[in-house]
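In each ligand, atom 1 is the first atom listed, and ligand 1 is the first ligand listed. Scope of the values below: all heavy atoms of this structure, side chains included, with no hydrogens, waters or symmetry mates.
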Amino acid sequence: MDSTSVYAFPFSQFIFLILLVTLQSSVLLPATSDTGFSIEEATVHDLQLAFQRNQLSSRKLVEFYLKRIESLNPVLRGVLEVNPDALSQADKADQERKTKPRGPFSALHGIPILLKDNIATKDKLNTTAGSYALLGSVVPRDAGVVTRLRKAGAIILGKATLSEWSHYRAKNAPNGWSARGGQGKNPYTGGDPRGSSSGSAISVATNMVTVSLGTETDGSILCPSDSNSVVGIKPTVGLTSRAGVVPISPRQDTVGPICRTVSDAAHVLETIAGFDINDEATFEASKYVPKGGYAQFLRKDGLRGKRLGLVRAFFARNEAFLQYTFRNLRNRGAILVDNLEIDNINEICNGLSRDIALKIEFKQALNAYLQDLVDSPVRSLADVIAFNKKHLKLEKIDEYGQDIMLEAQKTSGIGKQLNEALLNMTRLSKNGFEKLMRSNKLDAVVTPFSSFSSILAIGGYPGVIVPAGYDEEGEPFGICFGGLKGSEPKLIEIAYSFEQANKIRKPPSLFFL
Ligand SMILES: *[C@@H]1O[C@H](CO)[C@@H](O)[C@H](O)[C@H]1NC(C)=O
Ligand SMILES: *[C@@H]1O[C@H](CO)[C@@H](O)[C@H](O)[C@H]1NC(C)=O
């Protein structure tokens, strides 16, 4: 090392530090409105109070997020498109509040929400599942959940990035990557955001929006929530409408909130749950929607007397965390039922029947979605595959391929194989998770991380994940509560009680910016 570099080194570090401090203070200092209200980390409840007290308007709130997206999103890539009408929707909400100061307004009135890019909006935003193949497609109507959001007065802030096609194109494609959205980044590590609802999790974690929606077929809400230190609710299949959502499987797909707090997630779930004429499954599942909504289950003592099952097979790592968590749950009055086993766990987790069924269902459901569009560059899975082949570079087909789509295209619809796979999964769920829950009279099963997602997926069961800590590298992890169909009220009680007792989530430092 020569002498110049010895001197140069600390100097360049000094410059770097100054740059860092300048960048961080311009981007990351808590944003305070003229009236002293801090928007960053504010909950839906905080924001509604600030509206009422005239400390904040929806316009100010949207302007804050737009600025933040402008500065953070080029690196984080959580947001795919911003709604050109967001500010006028904010003005409308502000106007409504002025003319009717006492409401009554929904909890999401005037609150900005970001939608995973597979959820259709009939407005200036595109709905593409992250793929250029769907750019320019015209949807027939808003997705069922979007209709409910608009009716509640929520502001559609934009579309969130995702793993392209909800990670149902190529096994090799990275989590959080899509051709249109680029590579989403985990704001805590700078690395893998997990997926497929990656952008929804990244964006709420970094205060680029108040709340968001993701979708899950197997893990796509629970995984990114786990890794980005946010709360995810994966609802019972059919509790929320999937109409107007680019599908994988009507049997497993579900739309749910990804938010910073359990209470925000409960408010969002309350807004989007319920019957929709365009999704048959909501007819049956709407019986699970509780009278008076989900917010009533935000009870600090929600863990008291709850029977929680521990299935040790899912607890391979992080013993210290587990001991801490178990103590914590017991201290709040939960009864832990330990050392449980799920019959046929290996058969469930190898995913054989699931994968057979998903491929068949995907082809049928995607073809139906594409045919229902008013206009579209692609009208079938075959068209999508051909589009991808034609745009090797654009869609990185030369790099990641499209093996899952090719396998799905080879399937030939409903038949003996699908029936057998479905019967297998019904059997596995009945003799596995359901038997475990009923024979031990459990309210929920507790598992670390998103490890339980496949069990919940094949039976259409709900799960709620809450931030539970950060490992030595600063990578977040969550704790997941899973239950029987329609058990969202219990899961919200449990999750809220755990969250309030611990208050573990902290916003990311974004050290890598
Ligand atoms: C939708 O896609 C079109 C075509 O690329 C683009 O011009 C338009 O700006 C997009 N809409 C939004 C809201 O970004
Ligand atoms: C159903 O399960 C059996 C084992 O119990 C397995 O041999 C068979 O391959 C499965 N069928 C399908 C279609 O997944």
Practice task
Flag Arg180 as yes when one of its N or O atoms lies below 3.5 Å from any N or O atom of ligand 1, and as no otherwise.
Solution key: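 It does not: no N or O of Arg180 is found under 3.5 Å from an N or O of ligand 1.
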- prompt: Relative to the heavy atoms of Lys124, which atoms of ligand 1 are at a distance of less than 4.0 Å?
  reply: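 Counting from 1, the qualifying ligand atoms are 11 (N), 12 (C), 13 (C).
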Which of the atoms of ligand 1 are close to Val82, meaning less than 4.0 Å from one of its heavy atoms?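 Per the distance check, 13 (C).
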Are the side chain of Thr161 and the backbone N or O of Arg77 linked by a donor-acceptor pair below 3.5 Å?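 Flag set: sc Thr161 to bb Arg77 pair under 3.5 Å.
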_Using only atom types and a distance under 3.5 Å, with no angle test, would you say the side chain of Ser137 pairs donor to acceptor with the backbone of Leu134?_
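Yes, the answer is positive, given that a donor and an acceptor are paired below the 3.5 Å cut-off.
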- Do Thr121 and Lys159 come close enough that some side-chain heavy atom pair is under 4.5 Å?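 Yes, side chains in contact.
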Where is the tightest heavy-atom contact between [X] and [Y], given as atom of each residue plus distance?
X	Y	value
Ser249	Leu358	CB-CD2, 3.5 Å
Val62	Ala86	CG1-CB, 4.1 Å
Lys363	Thr411	NZ-O, 2.8 Å
Ala265	Pro257	O-CG, 3.4 Å

- [ ] Take Thr210 and Leu157 through the test side-chain contact (heavy atoms from CB on, under 4.5 Å) and record every step on the way to the result.
- [x] CA-CA 10 Å; Thr210 314; Leu157 188 67; over 6 Å; no
Specify the protein heavy atom at minimum distance from [atom]: its residue, its atom name, and the distance to 0.1 Å.
atom	answer
atom 5 (O) of ligand 1	Leu135 CD2, 3.5 Å
atom 12 (C) of ligand 1	Glu81 OE1, 3.2 Å
atom 4 (C) of ligand 2	Glu347 OE2, 3.6 Å
atom 11 (N) of ligand 1	Asn126 ND2, 3.1 Å
atom 14 (O) of ligand 2	Ser353 OG, 2.9 Å

- prompt: Can you find a protein heavy atom closer to atom 9 (O) of ligand 1 than 4.0 Å?
  reply: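 No, there is no protein heavy atom closer to it than 4.0 Å.
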Evaluate the 4.0 Å heavy atom contact test for atom 2 (O) of ligand 2: does a protein atom fall under the cut-off?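 Given the 4.0 Å cut-off, atom 2 (O) of ligand 2 counts as touching protein heavy atoms.
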message: Tell me whether Gln417 has any N or O atom under 3.5 angstrom from an N or O of ligand 2.
response: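 In this structure, Gln417 places no N or O atom under 3.5 Å from an N or O of ligand 2.
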Mark up the atoms of ligand 2 that fall under 4.0 Å of a heavy atom belonging to [X], in ascending order.
X	value
Asn424	1 (C), 2 (O), 3 (C), 8 (C), 10 (C), 11 (N), 12 (C), 14 (O)
Arg427	2 (O), 5 (O)
Glu420	1 (C), 8 (C), 10 (C), 11 (N), 12 (C), 13 (C)

Practice problem: Answer with yes or no after comparing the ring centroid distance for Phe452 and Tyr461 against a 6.0 Å cut-off, counting only values under it. | Solution: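 No, the ring of Phe452 stays outside the 6.0 Å limit from the ring of Tyr461, centre to centre.
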